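Computed from a predicted model, the values in this text were never measured in an experiment.
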Amino acid sequence: MTAAPAEPPVEPAWRQRAVERSTRAAKLRAEQRVQRFLESAQELIAEKGTTDFTVQEIVDRSKQSLRSFYQHFDGKHELLLALFEDALATSAAEIREASAAESDPVEALRVAVELLFNQSHPDPGVQRPLFSDFALQLLVKHPAQVATAHLPILMIFTDLIEQATEAGAVVPGKPRRQATLVMQTIMFAAQANGVPADSHASPVTAEEVWQFCLNGISSAATTAPAKASASKKR
């Protein structure tokens, strides 16, 4: 008769608590070190007005070691990417909070569109090298990383479009694809500084971008051709 396999010894509760406490402490220390590196990089960007600085400058500013830096980041690119993702996550949180204050789905979507436009619109008096320099390089060399960084905002717009669709204000379709097109329209119009090809014309406004996006996805836009076709048949 084959003997049953022996049960593995139960780890004492005190040992589990000690290990968990040690793990939590190590995690907290790592988070603090990472935060110091990020804050140091932000300070250098603010002082220099550019992302053109070295890893050694970040290490010196943070008063940590080079070894510690490479324990947490593959290099300067990954650190700047972390700052970029943090900035977009903050933007997403602002959009979600502002749109959540509106009970009407279409009004919530309008608030989100106009807020993203204003967030993306360059301010001549404010330097944002993380977006004007690094983000452009990222878009050319690592487009997948740009897409991943924008996911928090994309998910908000996807949710808002789904809600507007359920309310009958938006054409049923692929909400995530619709959200992608809306986002790209907003950000391109804003980052182009709102100035059309005719330099004598007035800059594009957030309200105009909202109306353009709404006309592109609203159910009213799909009924117009059908009505026109019906009138011709008469």
Could you state the interatomic distance from [atom1] ([X]) to [atom2] ([Y]), rounded to the nearest 0.5 Å?
{"X": "Leu181", "Y": "Ile161", "atom1": "CG", "atom2": "CD1", "result": "8.5 Å"}
{"X": "Thr51", "Y": "Asp133", "atom1": "OG1", "atom2": "CG", "result": "5.0 Å"}
{"X": "Thr90", "Y": "Ile95", "atom1": "OG1", "atom2": "CD1", "result": "11.0 Å"}
{"X": "Phe134", "Y": "Leu83", "atom1": "CZ", "atom2": "CG", "result": "8.5 Å"}
{"X": "Ser99", "Y": "Phe157", "atom1": "OG", "atom2": "CZ", "result": "8.0 Å"}
{"X": "Ile156", "Y": "Arg96", "atom1": "CD1", "atom2": "CZ", "result": "4.0 Å"}

Which pair of heavy atoms, one from [X] and one from [Y], lies closest together, and at what distance?
{"X": "Val204", "Y": "Phe117", "result": "O-CZ, 3.7 Å"}
{"X": "Glu94", "Y": "Leu115", "result": "O-CD2, 3.6 Å"}
{"X": "Leu79", "Y": "Ile58", "result": "CD2-CD1, 4.1 Å"}
{"X": "Val182", "Y": "Cys213", "result": "CG1-SG, 4.1 Å"}
{"X": "Leu80", "Y": "Leu130", "result": "O-CD1, 3.9 Å"}

Any side-chain heavy-atom pair of Leu109 and Leu214 under 4.5 Å: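 Side-chain contact under 4.5 Å: no.
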Same apolar cluster (I L V M F W Y, side chains within < 4.5 Å links), Met155/Val170: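 Looking at the clustering, Val170 is in a separate group from Met155.
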Shared hydrophobic cluster for Ile186 and Leu136 (ILVMFWY, side-chain gaps under 4.5 Å):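 No.
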Which residues share a side chain to side chain contact (heavy atoms under 4.5 Å, CB included) with [X], sequence neighbours left out:
{"X": "Ala82", "value": "Leu38, Phe73"}
{"X": "Ser120", "value": "Leu116, Met187, Ala190, Gln191"}
{"X": "Glu97", "value": "none"}
{"X": "Phe131", "value": "Phe84, Ala87, Leu88, Arg128"}

Any pair with a residue in [range] that passes side chain to side chain donor-acceptor pair (under 3.5 Å), sequence neighbours left out, goes on the list, sorted by first then second residue, please.
{"range": "residues 39-50", "result": "Gln35-Glu39, Glu43-Arg61, Glu47-Arg61, Lys48-Glu57"}
{"range": "residues 71-86", "result": "Arg33-His72, His77-Gln145"}
{"range": "residues 147-163", "result": "none"}

Could you name each residue pair satisfying salt bridge (Lys or Arg N to Asp or Glu O under 4.0 Å) that touches [range], not counting sequence neighbours?
{"range": "residues 101-115", "value": "Glu107-Arg110, Arg110-Glu114"}
{"range": "residues 178-187", "value": "none"}
{"range": "residues 173-191", "value": "none"}

Counterpart residues, salt bridge (charged side-chain N to carboxylate O under 4.0 Å, His left out), relative to Lys27 (two or more places apart): Glu31
Pairs where residues 30-67 contributes a residue and the test ring pair (Phe, Tyr, Trp, His ring centres under 6.0 Å) is met, not counting sequence neighbours: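 Ring pair (Phe, Tyr, Trp, His ring centres under 6.0 Å) check on residues 30-67 returns Phe37-Phe69.
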